[in-house]
Peer 1: 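Quick one: structure below, then a few questions.
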Amino acid sequence: MLSSLISNSAAFQEVELTFPNLFGGFTISYFQGFELFGIKIYWYGVLITLGVILAYLYANHRAKEFGVGKERMFDVVFVALICGFLGARIYYCVFTTLDPNSSVKYDFVTTFTTIRDGGLAIYGGVIGAFLGGFVMSKIRKVHFRSMADLASLGFLIGQTIGRWGNFVNQEAFGAACGQDWVFGMTSVDIVARDHLAAGTLVHPCFLYESVWCLVGFIGLHFYSKKLRTFDGEIFLLYLAWYGLGRAWIEGLRTDSLMAGQFRISQVVAAICFVACTVMVIVFKILTEKKKIPMYVTTEAWTEQQAADLEAAEKQKNKKEKLQAPSILADDAANVTLGDENEETEDDTAEDNSTDETSDSDDSVDGASSDENVEVTDSDKNANDSAHDASSDETGDTSESEPEDTPDESEDK
C-alpha cells in the first residue's frame, strides 16, 4: 500500500537526477511526494518533520545534562518551533520581495497562504526560534543559555536531515562545476532552470551543507560532554561552525537572496563566524578567571528539579483520585471484602476456641488451687496436733526431772 502511495504519478511527475562521476555513475528516478486521502504530501515536509522529531528525542535524552527539565523543555521547544517556522517564512518572503531581481513579490496574505509553494530561510528560522524560545524560557523559568546550548545540537540534527528535502526538490544546488568533479550532478530541470547546456554538472550544495552539519553535530556532541565550560558556549560554537560552512557554500549557490550585490545569507554567515568565535574566546577567559559555575551545577537547578518532582507526584495523585472505578475493580473489591470477612470469621472462631480453652484451664487451676488449700490446712492442723503432743511430752519430762536431781546429788 505504501509503495502505491509513493508511486502515485497522478499526483506528482517523475523526475530524474544523475551523478555521472559518483560510484561509477548512476541515475535516480523518484517522485517528489505522494498523495494521501487526496492530499499532496511532499517528501520535503516529511524529511523536515523527521529531523524535528529526531532533534527533540536527542534533546529530551540529554536535557538534564544541561540543566533543563524535560516538561519545561517541551513547552519551550513547542513555542520555538512555531516561531522558527514563521521566522523562516517571513525572512524569505521579505528579502525575496526586496530583491529587485526577483519576479515574485509577497504581501502579508500571500506570505502565509502560499507556503506550499516553498520558501523558507534557515537564518530566519534560527532568529524566530531564538526569540520565541527566549520568551517562553522566561515564562517557564528555564535557564535560557542552557536551553540554547541544547537546542543548537537539535538544530544541527534537523538541518542534516532537512537538507535532503532540497535534494528531493532539486533545489539549493550550486553553479556549474568541472565535468570531472566527483560530486557533480545534473538533471533536465536543473539545466532548464539555470539555462545551462545539456549535461552540465552543478555543485550539490544541499549535500555539502548536510555533511557539514553532520560533522558539526558529532564534534559538538562530544565537546559538550567534556569541554563545555560556560552556558551558551555550544550555541555560540554552533553559529560559528555553521557560519563558516555557510559562508563558503552560499558562494556556490545560484538561488541566494540578494541585497544589491551581496548575498544576504553569506554576509550573515560571515558575521556570525567572526563575532561568535571572538565571544567564545572572551567568555572562556572570563569564566575561568571569575570561576563562574554552569547552571547545571548550581543549587537553583537542584531546587527546580525537586519542585518539578513534587509537582509531578501531586499530579499523579490527583489523577488517581479522579480516575473512575470500573466494574472489574468493584468485583475485585467485593471478592477482596469477602475474603476479608471469611478471614475475620475464622479469626473470631479461633478466638472463641481460645477463650473456652482458657476457661477450662482456669477451672482446672481453680480446683487444683482449692485442693492445695485443703491439703495445706490439713497439713497445718496435723502439724499443730503433733506440735501440741510434742509440747505435752516435753512438759511431762520437764516436771519429772527436778525430783531425780536431788537424789542423784545425795548419792554422790
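Every value quoted in this text rests on a predicted model; they were computed, and no experiment measured them. Computed from heavy atoms alone, side chains included, the values below leave out hydrogens, waters and symmetry copies.
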Peer 1: Tell me whether Arg253 contacts the main-chain N or O of Gly174 through its side chain, where contact means a donor paired with an acceptor under 3.5 Å.
Peer 2: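 Checking the backbone N and O of Gly174 against the side chain of Arg253, no donor-acceptor pair under 3.5 Å is found.
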Peer 1: For a ring pair (Phe, Tyr, Trp, His ring centres under 6.0 Å) check, start with the C-alpha distance between Phe273 and Trp241, then their side-chain angles and the critical distance, and finish with the verdict.
Peer 2: CA-CA 7 Å; Phe273 169 68; Trp241 175 262; 9.5 Å; no
Peer 1: Report yes or no: does Asp194 contribute a side-chain atom to a donor-acceptor pair with the main-chain N or O of Leu196 at less than 3.5 Å?
Peer 2: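 Answer holds: no.
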Peer 1: For the CZ atom on Phe134, are there more than 12 heavy atoms of other groups (residues, nucleotides or ligands in this structure) within a distance under 6.0 Å?
Peer 2: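 Not more than 12 within 6.0 Å, no.
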Peer 1: Between Phe19 and Phe26, does the ring pair (Phe, Tyr, Trp, His ring centres under 6.0 Å) criterion hold? Intermediate values first, please.
Peer 2: CA-CA 6 Å; Phe19 289 85; Phe26 63 91; 5.6 Å; yes
Peer 1: For a quick check under 3.5 Å, do Arg62 and Ser224 share a side-chain donor-acceptor pair by atom type?
Peer 2: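 Distance-only check passes for Arg62 and Ser224.
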Peer 1: Would the distance check show the side chain of Arg163 and the main-chain N or O of Ala172 forming a donor-acceptor pair, the cut-off being under 3.5 Å?
Peer 2: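 Here the side-chain-to-backbone pair does not exist.
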Peer 1: Contact between Met185 and Leu201 at the side-chain level, heavy atoms closer than 4.5 Å - yes or no?
Peer 2: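 No, their side chains stay 4.5 Å or more apart.
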Peer 1: Using the six-membered ring wherever Trp is involved, compare the ring planes of Phe183 and Tyr208 and label them parallel, tilted or perpendicular (cut-offs 30° and 60°).
Peer 2: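 If you compare the ring of Phe183 with that of Tyr208, the planes turn out perpendicular.
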Peer 1: Could you point out which residue of Leu257, Ile122, Thr97, Thr111 forms a side chain to side chain contact (heavy atoms under 4.5 Å, CB included) with Tyr92?
Peer 2: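 Going through Leu257, Ile122, Thr97, Thr111 one by one, the side chain to side chain contact (heavy atoms under 4.5 Å, CB included) with Tyr92 is satisfied by Leu257 alone.
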Peer 1: Tell me whether Glu233 is salt-bridged to Arg145, with the criterion being a basic N under 4.0 Å from an acidic carboxylate O.
Peer 2: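 Here Glu233 does not pair with Arg145 in a salt bridge, since their nearest N and O are not under 4.0 Å apart.
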Peer 1: For the backbone of Gln179 and the side chain of Asn21, can you confirm whether one donor and one acceptor N or O come within less than 3.5 Å of each other?
Peer 2: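 Here the side-chain-to-backbone pair exists.
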Peer 1: How close do Leu236 and Phe283 get, counting heavy atoms only, and between which atoms?
Peer 2: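 That closest heavy-atom pairing would be CD1-CD1, 3.9 Å.
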Peer 1: Is Asp149 reaching over with its side chain to a backbone N or O of Ile234, donor-acceptor style, under 3.5 angstrom?
Peer 2: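 Yes; at least one donor-acceptor contact below 3.5 Å.
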Peer 1: Assess whether a salt bridge exists between Lys314 and Glu310, defined as any Lys/Arg side-chain N lying under 4.0 Å from an Asp/Glu carboxylate O.
Peer 2: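 A salt bridge is present here (some side-chain N lies under 4.0 Å from a carboxylate O).
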Peer 1: Does the plane of the ring in Tyr242 sit parallel, tilted or perpendicular to the ring in Tyr238? Use 30° and 60° as the thresholds.
Peer 2: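 Parallel, since the angle between the ring planes stays under 30°.
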Peer 1: Yes or no on ring pair (Phe, Tyr, Trp, His ring centres under 6.0 Å) for Tyr58 and Phe217, after CA distance, side-chain angles and deciding distance?
Peer 2: CA-CA 11 Å; Tyr58 173 85; Phe217 166 73; 5.2 Å; yes
Peer 1: For Phe12, which of Trp43, Phe34, Tyr42 qualifies under ring-ring contact (aromatic ring centres under 6.0 Å, His included)?
Peer 2: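 Output: one option passes, namely Tyr42.
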Peer 1: Taking Asn317 for its side chain and Glu313 for its backbone only, find out whether a donor-acceptor pair lies under 3.5 Å.
Peer 2: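 Yes, Asn317 side chain to Glu313 backbone: donor-acceptor pair under 3.5 Å.
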Peer 1: Does a side chain donor of either Tyr30 or Glu16 reach within less than 3.5 Å of an acceptor in the other side chain?
Peer 2: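 Absent: no donor and acceptor within the cut-off.
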Peer 1: If you measure from CH2 on Trp164 to CG on Asn166, what distance do you get to the nearest 0.5 Å?
Peer 2: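 Atom-to-atom, Trp164:CH2 and Asn166:CG are 10.5 Å apart.
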Peer 1: Does any N or O in the side chain of Ser210 come within less than 3.5 Å of the main-chain N or O of Thr160, such that one atom is a donor and the other an acceptor?
Peer 2: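 Answer holds: yes.
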Peer 1: Regarding Gln170 and Ser187, do their side chains bring together a donor and an acceptor under 3.5 Å, going by distance alone?
Peer 2: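 Side chains of Gln170 and Ser187: pair found under 3.5 Å.
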Peer 1: Backbone N or O of Val168 within a donor-acceptor pair of the Gln32 side chain at under 3.5 Å?
Peer 2: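 Answer holds: yes.
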Peer 1: Between Thr186 and Thr200 (side chain of the first, backbone of the second, donor and acceptor by atom type, cut-off under 3.5 Å), is there such a pair?
Peer 2: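 Flag set: sc Thr186 to bb Thr200 pair under 3.5 Å.
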Peer 1: Please confirm whether the backbone N or O of Pro20 pairs with a side-chain atom of Thr18, one donor and one acceptor, at under 3.5 Å?
Peer 2: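 Checking the backbone N and O of Pro20 against the side chain of Thr18, no donor-acceptor pair under 3.5 Å is found.
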Peer 1: Check whether NZ of the Lys or CZ of the Arg Lys138 lies under 6.0 Å from the centre of the six-membered ring of Phe144 and within 45 degrees of that ring's axis.
Peer 2: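 Here Lys138 fails the 6.0 Å and 45° test against Phe144.
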Peer 1: Please determine which of Lys318, Glu320, Lys319 meets the side chain to side chain contact (heavy atoms under 4.5 Å, CB included) test together with Lys316.
Peer 2: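 Going through Lys318, Glu320, Lys319 one by one, the side chain to side chain contact (heavy atoms under 4.5 Å, CB included) with Lys316 is satisfied by Glu320 alone.
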